[in-house]
**Student:** 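Below is a structure I'd like to ask you about.
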Amino acid sequence: MMRKFHMLSFALAMLLGWSCEQNELVLNADALVDVDPKLEGTWLLVNGPLDIGLGGEGDKSRGPAWITLMKGGKMRGHSSRNILAGNFTTKEDKKIGLEVNMTTRVADNPFSIWFMEGVRTASDYRIEGSNMTFLNDANSRQELIFAKLEDQCRPVLKDNGLYNSPSKELDAVIKEAYQIENCLVLEVTYSGGCVEQEPELVWNGGLSKSLPPLASLKLHYSKADDCEALVTRTYYFDLLPFFSAAGYDEIRVNIEGLKGEVMVKKN
């Protein structure tokens, strides 16, 4: 009887050991994804066909299109109107494979459809400096060109003196403000055209006592532009130092020249 008990215990231990070993192998296999580390980061689409997705007063329907490629082969993004999620793998010969799904179901537009097709059918990739290009097979005319978002984002400045000093561009209007990962994107129009400059986004350092707290920000231009052409520019600002300085991961921001508030969250 005792012998049968030992044999049963041994068999059970072997079975449990085999099962644990198999689970460990499965976990390791899932963790080992062939991914080029140079692709990691957030990539903002900077090209696209000009003959689709255009509104009467400009390109209102195209919206932000971007992807974030993460360590381990996970990806997420935005296709102008819909949120994306999926996986990707790469090979040594600069081949890429993406499995992408939409996690939302907002009515799409031609530009968004073009972007989604380009991502899903990408077969090759090329990295040149801060740009990445998705190339498609010979049966497709798609080519997506991205810029690395992190290289374009400048920090929000905490400077009460600069916040209270007058900006040289008094008619700047923020048409759109939205967040891509940890970057705040501002689409701005103003009269000018003769002076190229990058304004600072300045925070006065104050926070309201409400939760989430409210912070006041301001675009500050250091140079005056006396020309009268209508100029449209897009600026990118890194929110991570702002979150650290404020001590919160979720903040409402009121930006001078923008109607309404914007909620920003740390990703």
**Student:** In this structure, would L135 and I96 fall into the same cluster of hydrophobic residues linked by side-chain contacts under 4.5 Å?
**Tutor:** no
**Student:** Would you say the rings of W203 and F242 are close, in the sense that their centroids are separated by under 6.0 Å?
**Tutor:** yes
**Student:** Please check this pair: side chain of D238 against backbone of C153, looking for a donor-acceptor N/O pair closer than 3.5 Å.
**Tutor:** no
**Student:** Does the distance from a Lys or Arg side-chain N to an Asp or Glu carboxylate O, for D124 and K94, drop under 4.0 Å?
**Tutor:** no
**Student:** Nearest 0.5 Å, please: how far is OH in Y163 from CG in N204?
**Tutor:** 5.0 Å
**Student:** Find out whether W114 and M116 are in side-chain contact, i.e. whether some heavy atom of one side chain is under 4.5 Å from a heavy atom of the other.
**Tutor:** no
**Student:** Can you confirm whether the side chains of N254 and S216 place a donor and an acceptor under 3.5 Å from each other?
**Tutor:** no
**Student:** Using the rule salt bridge (Lys or Arg N to Asp or Glu O under 4.0 Å), only one of K223, K158, R154 pairs with E200; which is it?
**Tutor:** R154
**Student:** For the residue pair Q179 and V185, establish whether any side-chain heavy-atom pair is separated by less than 4.5 Å.
**Tutor:** no
**Student:** Report the C-alpha distance between R233 and E196 in whole Å, list the side-chain angles of each, state the deciding distance to 0.1 Å, and finish with yes or no for side chain to side chain contact (heavy atoms under 4.5 Å, CB included).
**Tutor:** CA-CA 10 Å; R233 295 287 185 270; E196 286 295 330; 2.7 Å; yes
**Student:** Under a 4.5 Å side-chain heavy-atom rule over Ile, Leu, Val, Met, Phe, Trp and Tyr, are F115 and I180 clustered together?
**Tutor:** no
**Student:** Quick one: does F146's side chain get under 4.5 Å of I67's, heavy atoms only?
**Tutor:** yes
**Student:** Donor-acceptor pair, distance only, cut-off 3.5 Å: does the side chain of S208 make one with the backbone of L214?
**Tutor:** yes
**Student:** With no hydrogens and no angle check, do the side chains of Y190 and D225 hold a donor and an acceptor under 3.5 Å apart?
**Tutor:** no
**Student:** Quick one: does any side-chain atom of E250 pair with a main-chain N or O of V264 as donor and acceptor, under 3.5 Å?
**Tutor:** no
**Student:** For the hydrophobic clusters of this structure (ILVMFWY residues joined by side-chain heavy atoms under 4.5 Å, transitively), does one cluster hold both L44 and L69?
**Tutor:** no
**Student:** I'd like to know if the side chain of T90 and the backbone of D36 have a donor-acceptor N/O pair within less than 3.5 Å.
**Tutor:** yes
**Student:** Please lay out, stage by stage, how N131 and K148 fare under the test side chain to side chain donor-acceptor pair (under 3.5 Å).
**Tutor:** CA-CA 6 Å; N131 289 340; K148 199 161 191 179; over 6 Å; no
**Student:** With side-chain hydrogen bond (donor to acceptor under 3.5 Å, both in side chains) as the test, pick out the partner of N82 among N101, T104, T103.
**Tutor:** T104
**Student:** Applying side chain to side chain donor-acceptor pair (under 3.5 Å) to T68 and E181, what does each step give before you reach the verdict?
**Tutor:** CA-CA 8 Å; T68 297; E181 296 293 359; 2.6 Å; yes
**Student:** List the steps, then state whether side chain to side chain contact (heavy atoms under 4.5 Å, CB included) holds for I255 with K218.
**Tutor:** CA-CA 5 Å; I255 310 174; K218 173 184 176 180; over 6 Å; no
**Student:** Using side-chain heavy atoms (C-beta onward) and a distance below 4.5 Å, is H220 in contact with S165?
**Tutor:** yes
**Student:** Under a 3.5 Å cutoff, is there a donor and acceptor pairing between the side chains of S130 and D151?
**Tutor:** yes
**Student:** Taking atom types as modelled and ignoring hydrogens, do the side chains of S210 and R252 form a donor-acceptor contact shorter than 3.5 angstrom?
**Tutor:** yes
**Student:** Taking it one step at a time, do Y178 and E187 satisfy side chain to side chain contact (heavy atoms under 4.5 Å, CB included)?
**Tutor:** CA-CA 9 Å; Y178 51 88; E187 297 180 7; 2.9 Å; yes
**Student:** With rounding to the nearest 0.5 Å, note down the distance linking CD in E198 to OH in Y236.
**Tutor:** 10.5 Å
**Student:** Is F243 close to I251 at the side-chain level, that is, under 4.5 Å between some pair of heavy atoms?
**Tutor:** yes
**Student:** Taking K38 first and then E40, would you say they form a salt bridge - that is, a charged N and a carboxylate O separated by under 4.0 Å?
**Tutor:** no
**Student:** Surrounding CD of E99 (heavy atoms of other residues, nucleotides or ligands, distance under 6.0 Å), is the total greater than 12?
**Tutor:** no
**Student:** How about F88 and V35: do any of their side-chain heavy atoms sit closer than 4.5 Å?
**Tutor:** yes
**Student:** Just how far is it from atom CG of L219 to atom CG of L258, taken to the nearest 0.5 Å?
**Tutor:** 9.5 Å
**Student:** Is it the case that the side chains of N182 and K266 hold a donor-acceptor pair, with the cut-off being a distance below 3.5 Å and no angle test?
**Tutor:** no
**Student:** Would a hydrophobic clustering, with Ile, Leu, Val, Met, Phe, Trp and Tyr connected at side-chain separations under 4.5 Å, put V231 with L186?
**Tutor:** yes
**Student:** Shortest non-hydrogen contact from G118 to N136?
**Tutor:** O-ND2, 3.4 Å
**Student:** How are the rings of W66 and H78 set relative to one another: parallel (under 30°), tilted (30 to 60°) or perpendicular (over 60°)?
**Tutor:** parallel
**Student:** Near K175 NZ, under 6.0 Å, is it more than 12 heavy atoms from other residues, nucleotides or ligands?
**Tutor:** no
**Student:** So Y235 and F237, would you call those rings parallel, tilted or perpendicular, with 30° and 60° as cut-offs?
**Tutor:** tilted
**Student:** Quick one: CE on M132 to CG on L45, what's the gap to the nearest 0.5 Å?
**Tutor:** 9.5 Å
**Student:** Can you check side chain to side chain contact (heavy atoms under 4.5 Å, CB included) on Q197 and K168, steps first, answer last?
**Tutor:** CA-CA 11 Å; Q197 59 178 320; K168 300 297 184 180; 5.8 Å; no
**Student:** Ignoring hydrogens and angles, state whether a donor on the side chain of S191 or D171 is under 3.5 Å from an acceptor on the partner side chain.
**Tutor:** yes
**Student:** Any heavy-atom pair between the side chains of L217 and V156 that's under 4.5 Å?
**Tutor:** yes
**Student:** Measuring only between side-chain heavy atoms, which start at C-beta, is V100 closer than 4.5 Å to M75?
**Tutor:** yes
**Student:** Consider only side-chain heavy atoms of I, L, V, M, F, W and Y, link residues closer than 4.5 Å, and tell whether I127 and I145 are in one cluster.
**Tutor:** no
**Student:** Could you check whether S112 and S79, counting side-chain N and O atoms only, form a donor-acceptor pair closer than 3.5 Å?
**Tutor:** yes
**Student:** Where is the tightest heavy-atom contact between L207 and A246, given as atom of each residue plus distance?
**Tutor:** CD1-O, 3.7 Å
**Student:** Using every non-hydrogen atom in the two residues, find where L149 and C183 come nearest and quote the distance to one decimal.
**Tutor:** CD2-CB, 3.7 Å
**Student:** To the nearest 0.5 Å, how far apart are CD in E117 and CG in L144?
**Tutor:** 9.5 Å
**Student:** How far does CG of L239 sit from CG of L201, to the nearest 0.5 angstrom?
**Tutor:** 8.5 Å
**Student:** Mark yes when over 12 heavy atoms from residues, nucleotides or ligands other than I83 sit less than 6.0 Å from its CD1; otherwise mark no.
**Tutor:** no
